[in-house]
Asker: 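Have a look at the structure that comes next, please.
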Amino acid sequence: MSTRSLSKGCFVFKPSPKKRKVSRTTAYYFREGSSDLEDSELRFATCQSLQKQVKSETEQIEEELNEQLFDNLVSFLRRSHSAFQEKKTEWTCRTKSREIPTAALVLGVNVTDHDFTFRSLSEVLQNNVTPYIALLEAKDCPGIKNLMQKLLGQLMNCCIDVDSSEEEDYEHVSRSRVRCSMTTLINWYESATKRTDSETPGKKRTSSRHWQSPPVVVIFKDMESFTTKVLQDFVVISSQHIGEFPLVLIFGIATSPMIIHSLLPHSVSSLLCIELFQSLSCKDHLSTIIDKILLTTQFPLKLSEKVLQVLINIFLYHDFSVQNFIKGFQLCIVEHFHSNPLSVLCCQLEEAKRRVNSLSHNQCENVRRLPSFRRYVESQVSEKQIALLTVDSSLKEAVRKLLEDLNVYHENYFPILRCLHVFTSSLPKYPLGKQIRELHCACLENRVWETEEYESSLQLARMLNKSDLVTMLQKCVEILVSSPGREFDEIVEKLKEFLTQFQKLEAEAYQERDESISPQKELQKKTNLYHLQKTLLELKESRRSKKLTKFEMLRFEVVDYIDSLVRHYLVPADHKTLHEIVYFNTASVLREHLNAAPRIALHTALNNPYSYLKSEALKSDGGSISNKAPDICIAYKLHLECGRLINLADWLEAFSTVVTAAEGPTADAASSDQVDDVIHARFIRAVSELELLGFIKPSKQKTDHVARLTWGGC
């Protein structure tokens, strides 16, 4: 194709539609490596459906958790705005003192969750209070000029750039060129509110959810990261115009409210009318998520003890991020449905029974290979074993029954777990943990009743007073009544019977207290020595063979009954048949994805580039160095053979030897000099890259040496 032209130009050759690469969907990558296409499509659809359910449920939970906080913020804005609207004395005094209404929103150290909170807050304010909201981040506001640009740009819904003079000719006509100042903001606000007031009644009704003359809300998402000068300048400038338009500031704080006084001097902080708001702690947030997402029968997929412990450890020791915990759970869903062919049965019970009927012979063989199913077969009689291992119809019938038993197990497990947590969460030193997630992990790991912590919990429970014991029994009754379990009617009746007996004991105790005479009073009545000695001997004998009171006997009976429920219903999940279908237990895969080890990955990439590049030319035997490898890999493997200090000249010579190993011995001298310069430049670049990655550094001892910083092959 000719590109000759009389004038210079840029020629674009669009590829033909036939040669265009077809973009692959998510379903394609999910099906990749799967032998059964139909089964993989069904698993992918089930996985997507479960992901949507989890996302919807978590968003609803987070909305409920933040509802009280957002309502308090809206009330704060309403008070500030009503004072401005009605021109009250309070606002007049505030205007005279130039105070800006400011909400200090303490969100905690889980910074990665702050974006979601501020997005939700912005939506609530836009739907109910004001359309004029600006969210500012410290990285976008290094100076007051940049801050005003971002502020006006978000409020006026246009792109403002006062520095780029070269792009003026290429700007769209719709982009407004404005001067970024507080006067411009005030003029824009007045024109915007007047335009809203002069709209037709029909249009007014559409925006009736907003207040009249709505306030301008400026949210500083990460206040600690803003420079002191930027905050000072903005507060001082805004305070001088606070009487001309309603401005409200919201400071997002991760550490402590005292950071306001640390960043701002008293002369500036006195210009702020600050009110403190505290969000729910991230630990309480996580407990609610676990309680309503994982400890329920609503979602068919469950997490094993090791997987759940990995997610909790990442939360507690890394970021305190609830959003990352939810993403980790979603990753477990994807991994389970992608790697487990039998996850097609990981759905609601009725749907799973229908899918069992359509299982192919290969899927039936997969069921027979499950360790839990093999244990189940071994426990059957010989005739039943033969039918389960050879006849698919018998297998499907058994699978339907086992899936139903597994569903009943979960319906009974979670309410009894909550009842046990009611008893153990108030014991001294919390032998089984203070949070229900700790108790859940202990029950999943092994038989909890065989642990020392459980025995100590029972001993402490046998010393509970009557009021605490009655309160716990009442909570257990409430839990069991509201649970979907089918076997809890008898248990509820038994617990109510215990409560009735405690009430009778209380009534009897009052009667005995009126009729009984204390031994001390009896001793006072005795006057002769014989009766006194006899009474003392009787008291001593009664202390030796002390009988349990009725209350103590009833307390022992209650604790023993709770113990029997635990032993019957809290059997570890891996003891149940077909638990592999609904439990994700590959903790190593999850740890590999979420607990990244960049140092090991970097060493693997530099020491063995074939593991990432998958090029046959990069395959090497043992510790040999291939001249086809990237320059940085060659330099890295050579530096592993050196000591603490590396001579650059020797390193360059070894590098040149490896690189030129494939060239013939008879090379032209002129071309040899040219190659040496190229090799030298390549070596300098490789060394610079290793220095950037932190493997070496310049040495002050010898100018022609570098110091090695890593050891042990990493």
Side-chain angles (χ1 to χ4, degrees), residues 69 73 76-77 80 84 94-115 117-119 121-122 125 130 132-156 160-163 178-186 188-189 215-279:
L69 174 65
L73 283 170
F76 168 74
L77 292 174
S80 303
F84 176 81
R94 186 183 297 166
T95 303
K96 290 180 180 179
S97 60
R98 298 183 300 174
E99 288 185 356
I100 305 173
T102 305
L105 182 56
V106 182
L107 296 175
V109 295
N110 51 329
V111 181
T112 50
D113 292 344
H114 292 184
D115 286 338
T117 304
F118 283 120
R119 283 200 306 270
L121 174 61
S122 178
L125 296 181
T130 174
Y132 311 132
I133 299 174
L135 288 90
L136 304 178
E137 293 186 78
K139 64 180 182 180
D140 300 327
C141 307
I144 186 63
K145 187 176 182 180
N146 307 95
L147 187 147
M148 294 303 299
Q149 283 180 225
K150 288 291 180 182
L151 176 61
L152 288 170
Q154 293 187 30
L155 292 176
M156 301 172 69
I160 301 171
D161 190 1
V162 296
D163 296 328
V178 295
R179 183 171 177 269
C180 297
S181 65
M182 192 61 68
T183 305
T184 305
L185 177 59
I186 295 171
W188 166 82
Y189 178 79
V216 176
V217 180
V218 181
I219 301 176
F220 293 84
K221 298 173 67 173
D222 48 349
M223 184 193 176
E224 290 95 340
S225 301
F226 279 85
T227 58
T228 303
K229 181 172 176 52
V230 171
L231 287 175
Q232 288 185 20
D233 293 346
F234 181 75
V235 171
V236 171
I237 294 172
S238 301
S239 65
Q240 296 173 356
H241 300 275
I242 189 62
E244 302 177 39
F245 76 110
L247 174 67
V248 179
L249 305 181
I250 297 179
F251 289 153
I253 300 174
T255 53
S256 169
M258 293 304 296
I259 192 65
I260 299 176
H261 303 287
S262 301
L263 291 175
L264 303 177
H266 182 266
S267 59
V268 179
S269 61
S270 60
L271 302 177
L272 303 175
C273 181
I274 303 174
E275 187 167 337
L276 182 63
F277 297 89
Q278 179 74 50
S279 67

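Note that these values count all heavy atoms, side chains included, but never hydrogens, waters or copies made by symmetry.
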Asker: Got Gln232 and Leu264 here, is their nearest side-chain heavy-atom distance under 4.5 Å?
Answerer: yes

Asker: Do Lys221 and Asp115 have side chains that get closer than 4.5 Å, going by heavy atoms?
Answerer: yes

Asker: Please assess Leu185 against Leu152 for the test side-chain contact (heavy atoms from CB on, under 4.5 Å), listing each intermediate value before the final yes or no.
Answerer: CA-CA 7 Å; Leu185 177 59; Leu152 288 170; 3.7 Å; yes

Asker: How long is the straight-line distance from NE2 of His114 back to CG of Leu121, given to the nearest 0.5 Å?
Answerer: 12.5 Å

Asker: Would Ile260 and Met223 count as a side-chain contact (heavy atoms from CB on, under 4.5 Å) here? Give the steps.
Answerer: CA-CA 8 Å; Ile260 299 176; Met223 184 193 176; 3.7 Å; yes

Asker: Mind checking the CE-OG1 spacing from Met148 to Thr184? Nearest 0.5 Å is all I need.
Answerer: 7.5 Å

Asker: Kindly indicate whether the side chain of Val106, heavy atoms from C-beta on, has any atom under 4.5 Å from the side chain of Ser256.
Answerer: no

Asker: Under the rule for side chain to side chain donor-acceptor pair (under 3.5 Å), what residues qualify as partners of Lys150, not counting sequence neighbours?
Answerer: none

Asker: Between Thr130 and Pro215 (side chain of the first, backbone of the second, donor and acceptor by atom type, cut-off under 3.5 Å), is there such a pair?
Answerer: yes

Asker: Report yes if some heavy atom in the side chain of Val216 is under 4.5 Å from a heavy atom in the side chain of Tyr189; otherwise report no.
Answerer: yes

Asker: Any side-chain heavy atom of Ile219 sitting closer than 4.5 Å to one from Leu136?
Answerer: no

Asker: Just verifying a value: how many Å separate Phe226 CZ and Leu147 CG, rounded to the nearest 0.5 Å?
Answerer: 6.0 Å

Asker: Taking the side chain as every heavy atom from C-beta outward, state whether Val230 and Thr228 have any pair of such atoms under 4.5 Å apart.
Answerer: no

Asker: Under the side chain to side chain donor-acceptor pair (under 3.5 Å) rule, collect the residues that match up with Asp222, sequence neighbours excluded.
Answerer: none

Asker: Taking the side chain as every heavy atom from C-beta outward, state whether Gln154 and Ile133 have any atom pair closer than 4.5 Å.
Answerer: no

Asker: So, the side chain of Ser239 versus the backbone of Val236: is there a donor-acceptor pair under 3.5 Å, distance only?
Answerer: yes

Asker: Mind checking side-chain contact (heavy atoms from CB on, under 4.5 Å) for Ile186 and listing every partner two or more places apart, or none if nothing turns up?
Answerer: Met182, Glu190, His241, Glu244, Phe245

Asker: State the CG-CD distance between Leu271 and Gln240, to the nearest 0.5 angstrom.
Answerer: 9.0 Å

Asker: Which atom names give the shortest non-hydrogen contact between Pro142 and Thr227, and what distance separates them?
Answerer: O-OG1, 4.2 Å

Asker: For the residue pair Leu69 and Phe277, what are the closest heavy atoms and their distance?
Answerer: CD1-CB, 4.0 Å

Asker: side-chain contact (heavy atoms from CB on, under 4.5 Å) for Tyr132 and Val217? Distances and angles first, verdict last.
Answerer: CA-CA 6 Å; Tyr132 311 132; Val217 180; over 6 Å; no

Asker: The criterion is salt bridge (Lys or Arg N to Asp or Glu O under 4.0 Å); which residues satisfy it with Asp140, sequence neighbours excluded?
Answerer: none

Asker: Sorted by first residue and then second, give each ring-ring contact (aromatic ring centres under 6.0 Å, His included) pair with at least one member in residues 246-266; sequence neighbours left out.
Answerer: Phe220-Phe251

Asker: Looking at Ser181, is its backbone amide N or carbonyl O close enough to the side chain of Thr183 to form a donor-acceptor pair, meaning the two atoms are under 3.5 Å apart?
Answerer: no

Asker: Should the pair Asp233-Lys229 be classified as a salt bridge under the 4.0 Å nitrogen-to-oxygen rule?
Answerer: yes

Asker: Does any part of the side chain of Pro265, heavy atoms only, come nearer than 4.5 Å to the side chain of Val268, both counted from C-beta?
Answerer: yes

Asker: Filter on salt bridge (Lys or Arg N to Asp or Glu O under 4.0 Å), then keep only pairs touching residues 252-275, sequence neighbours left out; what's left?
Answerer: Arg79-Glu275

Asker: Can you name the nearest heavy-atom pair linking Ala254 to Val111, along with the distance?
Answerer: CB-CG2, 4.4 Å

Asker: Which pair of non-hydrogen atoms, one from Phe76 and one from Ala103, has the smallest distance, and what is that distance?
Answerer: CE2-CB, 3.8 Å

Asker: Please report the interatomic distance CG(Asp113) to CG(Leu107), rounded to the nearest 0.5 Å.
Answerer: 9.5 Å

Asker: What's the spacing between Leu105 CG and Ile250 CD1 if we round to 0.5 Å?
Answerer: 7.0 Å

Asker: Are the side chain of Ser122 and the backbone N or O of Phe118 linked by a donor-acceptor pair below 3.5 Å?
Answerer: no

